[in-house]
Student: 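Starting off with a structure, shown below.
Keep in mind that this is a model prediction, so the values were computed, not measured. Because only heavy atoms are used, hydrogens play no part in the values below, and waters and symmetry mates are left out as well, while side chains stay in.
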Amino acid sequence: MSRLTHISAPDGVSPATQYTHVVMGTGRFVAISGQLPLDKEGNLVGEGDPAAQARQVFDNLWHCLVAAGGSFRDVVKLTYFVTDMAYMPAIRTARDTYLDPARLPAASAVQVSALVSPQCLMEIEAYAVL
């Protein structure tokens, strides 16, 4: 298991509330491709429902982390790609069921005009250190 250090408020930077500015660790680096709200058969979950899509995406991320031998405790960075920033509260709610809100990873959120499928409202990728 990796040892991670979280620095929420580096000197000279405004403290973060929904992410950690710096996460450092030693171990094996794992990159997880952006996950879409698709079930294991490739079917869309939660058409038009950002909360259902977020839950499916985080479930997919969990399966990918387990396949790599890790867990959400090992995640150092999440990147959120959303078609509307209004979906971020639903994403944060789903995220907080998997991650410790006191030890959040570094994060970036990007609004995009489209994803690979017009029914997908979000895609989330993760980096972990195991």
Student: For the side chain of D96 and the backbone of T93, is there at least one donor-acceptor N/O pair under 3.5 Å apart?
Tutor: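 Not at all, since once roles are kept as given, no pair shorter than 3.5 Å links the two residues.
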Student: Could you tabulate the donor-acceptor pairs under 3.5 Å formed by side-chain atoms of residues 5-12, not counting sequence neighbours?
Tutor:
from: H6; atom 1: ND1; to: R103; atom 2: NH1; distance (Å): 3.4
from: H6; atom 1: ND1; to: R103; atom 2: NH2; distance (Å): 3.3
from: H6; atom 1: NE2; to: R103; atom 2: O; distance (Å): 3.4

Student: Atom OG1 of T97 and atom CZ of F72: how far apart are they, to the nearest 0.5 Å?
Tutor: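 CZ of F72 is found 8.0 Å from OG1 of T97.
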Student: Are I91 and L38 linked, directly or through other ILVMFWY residues, by side chains that come within less than 4.5 angstrom of each other?
Tutor: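 Looking at the clustering, L38 is in a separate group from I91.
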Student: Rounded to the nearest 0.5 Å, what separation is found between the CZ atom of F58 and the CD atom of Q35?
Tutor: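 Rounded to the nearest 0.5 Å, the CZ-CD separation comes out at 11.0 Å.
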Student: A side-chain contact here means heavy atoms from C-beta on lying under 4.5 Å apart; do Y98 and L61 qualify?
Tutor: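 Heavy-atom side-chain distance check fails, nothing below 4.5 Å.
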Student: With rounding to the nearest 0.5 angstrom, report the NE2 to CD1 distance, H63 to I32.
Tutor: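 That separation rounds to 12.0 Å.
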Student: CE/M85 to OH/Y80 distance, rounded to the nearest 0.5 angstrom?
Tutor: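 Here the rounded value is 11.5 Å.
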Student: What residues form a side chain to side chain contact (heavy atoms under 4.5 Å, CB included) with V112, not counting sequence neighbours?
Tutor: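 By the side chain to side chain contact (heavy atoms under 4.5 Å, CB included) rule, V112 matches F81, T83, V110, L115.
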Student: Over all heavy atoms of both residues, which pair between Q56 and D39 is shortest? Give the atoms and the distance, please.
Tutor: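 Shortest heavy-atom separation between Q56 and D39 comes out as NE2-CA, 3.8 Å.
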Student: Do you know which two heavy atoms are closest between M88 and V82, and how far apart they sit?
Tutor: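 Nearest pair, atom of M88 first, then V82: SD-CG1, 4.1 Å.
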Student: Step by step, work out the side-chain contact (heavy atoms from CB on, under 4.5 Å) result for V23 and K77.
Tutor: CA-CA 8 Å; V23 181; K77 174 78 164 54; over 6 Å; no
Student: Say you draw a straight line from OG1 of T26 to CG of L130; how long is it, rounded to the nearest 0.5 Å?
Tutor: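 Atom-to-atom, T26:OG1 and L130:CG are 11.0 Å apart.
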Student: Would L78 and L36 show up in the same hydrophobic cluster when neighbours are defined by side-chain heavy atoms closer than 4.5 Å?
Tutor: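 No; tracing contacts between hydrophobic side chains, which count when under 4.5 Å, never links both residues.
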Student: So V129 and V76, do their side chains get closer than 4.5 Å, heavy atoms only?
Tutor: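 Contact flag for V76/V129 side chains = yes.
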Student: Of all residues at least two apart in sequence or in a different chain, which pass the ring-ring contact (aromatic ring centres under 6.0 Å, His included) check with H21?
Tutor: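 Applying ring-ring contact (aromatic ring centres under 6.0 Å, His included) to H21 gives Y19.
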Student: Once side chain to side chain donor-acceptor pair (under 3.5 Å) is applied, do any residues pair with R55, and if so which ones, sequence neighbours excluded?
Tutor: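 None.
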Student: Show me the side-chain donor-acceptor pairs of residues 116-127 shorter than 3.5 Å, one per line, residues at least two apart or across chains.
Tutor:
from: S117; atom 1: OG; to: Q119; atom 2: N; distance (Å): 3.4
from: S117; atom 1: OG; to: Q119; atom 2: OE1; distance (Å): 2.7
from: E125; atom 1: OE2; to: T79; atom 2: OG1; distance (Å): 3.4

Student: Do the side chain of T20 and the main chain of V22 share a donor and acceptor less than 3.5 angstrom apart?
Tutor: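 Absent.
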Student: Between R28 (side chain only) and A68 (backbone N and O only), is there a donor and an acceptor less than 3.5 Å apart?
Tutor: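 Pair found, side chain donor or acceptor close to backbone of A68.
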Student: Scan the side chains in residues 43-52 for donor-acceptor partners under 3.5 Å anywhere in the protein, sequence neighbours excluded, and list what turns up.
Tutor:
from: D49; atom 1: OD1; to: A51; atom 2: N; distance (Å): 3.1
from: D49; atom 1: OD1; to: A52; atom 2: N; distance (Å): 3.2

Student: Out of curiosity, C64 SG to D59 CG, how far, rounded to the nearest 0.5 Å?
Tutor: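 CG of D59 is found 10.0 Å from SG of C64.
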